[in-house]
2 protein chains.
Amino acid sequence: MENGIANLLGALSLAVMDRIEQGAREVVGRGGETPAALIVIGYGQGMTNDKLRRILGLSHSGTVRLVDRLVSDRLVERRAGKDGREVALHLTATGAAARNELLASRISAVTSLLDVMSPAERKQLATLIRELLARQDTSEMDRFTICRMCDDRVCTNCPLPTNKGQHAR
Amino acid sequence: MENGIANLLGALSLAVMDRIEQGAREVVGRGGETPAALIVIGYGQGMTNDKLRRILGLSHSGTVRLVDRLVSDRLVERRAGKDGREVALHLTATGAAARNELLASRISAVTSLLDVMSPAERKQLATLIRELLARQDTSEMDRFTICRMCDDRVCTNCPLPTNKGQHAR
DNA sequence: CCAGATATGTGCGCTACGCACATATTTCTG
DNA sequence: CAGAAATATGTGCGTAGCGCACATATCTGG
């Protein structure tokens, strides 16, 4: 059946995310979108509450409370934004350290599944996944959403297309 | 960088699970492990509360409450088990229908990401993922956990080291 | 200069889950 | 074969994470 591949990818994705989420919970002591929020804020482009909300796919109030948790955990600070309405989210030193741990934990979780493959197989798989992602029809915000856990220290050449509405940002 | 592949697989897995979970929530109106529970119970080997708990990776009480929700939604029935202590979980007709919808939604979600690939690329990817899964060092319960969302109507040849109908108590 | 858009914060409730405890049934001893 | 331990389920209570509706502050365009 042609759907066999869909089922296999579904199973693999579940296994991958189980491991990533377990590691993330151990590192930051929180679940849900909180780990992703820490990573996204760490990208450092003067993240606002509202932008974060759209990237994480949460409601507005859910995002405010999520940031409340990060602030009470001393991982994030709310600073004044350019616009008097906006809040600029910044990582504290502790937050930046936690973020690095989080990224390392994620890479390690995925690597532990991948290291049964030979270097040639890994290269082949990387090429296929890169193509798969590159051909997706993703909006600017979709791209941030998919990449909300991505390790910017490792992913120097993101395959996702940046041109859906033809103009970025 | 050697970790590029891990990051790519992590990003893809996140995208896949986002779509699967969104569809599952639309179908059953519940999140968390509830959709997986419906699928697992539907495998139909006289599932018990305790076995379900181990497959889903939840606490005991969490599982009891999860089953409570499924029962109150008229998707699952609690029947007497062989052992006087056990409860045998069975899908109602409504539950079986919801389960089929759920599986179809999952396959459709993954397929929508995959159909940018040519048949040859899909076949190549399937072979690699199958190998990746086949070489994992998984316990009996790990396999059920990884396969807790799997479509048994589609996955006739599970690559994980044990057939899924098998029960080792 | 004021109506609408934008951005954030709050009151309130709900879902999903865990811990500790209680209860019922088997199984395993001595 | 009686009692202890193991197994399986259910309950009281609390918490984390999130959404809806509403309130407030700031910016923008006619």
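Here the structure is a predicted model, which means the values were calculated and not measured. Each chain gets a letter, A, B and so on, in the order the sequences are listed, and its residues count up from 1.
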**Asked** When the distance from CG of B/Leu52 to P of D/dA8 is rounded to whole Å, what number comes out?
**Response** 13 Å
**Message:** Just so I know, are the side chains of B/Leu125 and B/Glu121 near enough to count as touching, which here means a heavy-atom distance under 4.5 Å?
**Reply:** no
**Within residues 23-33 of chain B: residues closer than 4.0 Å to DNA chain C (heavy atoms)** = B/Arg30, B/Gly31, B/Gly32, B/Glu33
**Asked** Counting heavy atoms not belonging to A/Arg74, are there more than 12 under 6.0 Å from its CZ?
**Response** no
**Prompt:** Taking the side chain of A/Arg85 as its heavy atoms from C-beta onward, which of D/dG10, D/dG17, D/dT26 lies nearest to it?
**Reply:** D/dT26
**Message:** Applying a 4.0 Å non-hydrogen cut-off, can you work out what A/Arg78 is touching in the nucleic acid: base, sugar-phosphate, or nothing?
**Reply:** sugar-phosphate
**Message:** Tell me the interatomic distance from B/Asp73, atom CG, to C/dT15, atom C1', rounded to whole angstroms.
**Reply:** 12 Å
**Value in whole Å for how far the P atom of C/dT6 lies from CZ of A/Arg53** = 11 Å
**Request:** Report yes or no: does B/Thr92 contribute a side-chain atom to a donor-acceptor pair with the main-chain N or O of B/Leu75 at less than 3.5 Å?
**Result:** yes
**Fill in**
In short, side chain to side chain donor-acceptor pair (under 3.5 Å) pairs touching residues 104-116 of chain A with sequence neighbours left out are A/Arg106-B/Asn7
**Prompt:** Are A/Leu70 and A/Ile41 side-chain neighbours, meaning at least one heavy-atom pair lies under 4.5 Å?
**Reply:** yes
**Item:** B/Arg143 (side chain) donor-acceptor with B/Leu160 (main chain) under 3.5 angstrom
**Value:** no
**Asked** Rounded to whole angstroms, how far apart are CD on A/Glu21 and C1' on D/dA16?
**Response** 15 Å
**Asked** For DNA chain C, which residues in residues 54-72 of chain A have a heavy atom at a distance below 4.0 Å?
**Response** A/His60, A/Ser61, A/Val64, A/Arg65
**Prompt:** Can you find a pair of side-chain heavy atoms, one from A/Thr145 and one from A/Leu56, that are under 4.5 Å apart?
**Reply:** no
**Message:** Grouping I, L, V, M, F, W and Y whenever their side-chain heavy atoms are under 4.5 Å apart, do A/Val116 and B/Leu128 come out in a common cluster?
**Reply:** yes
**Asked** Please give, in whole Å, the distance from D/dG10 C1' to B/Asp50 CG?
**Response** 13 Å
**Message:** For A/Asp83 and B/Ala88, find the nucleotide of DNA chain D closest to each by heavy atoms; which residue's nucleotide sits nearer the 5' end?
**Reply:** B/Ala88
**Request:** Send over the distance from B/Leu89 CG to D/dA8 C1', rounded to a whole Å.
**Result:** 12 Å
**Asked** Between A/Leu103 and A/Ile107, does a side-chain contact (heavy atoms from CB on, under 4.5 Å) hold up when you go through it step by step?
**Response** CA-CA 6 Å; A/Leu103 292 173; A/Ile107 293 295; 5.6 Å; no
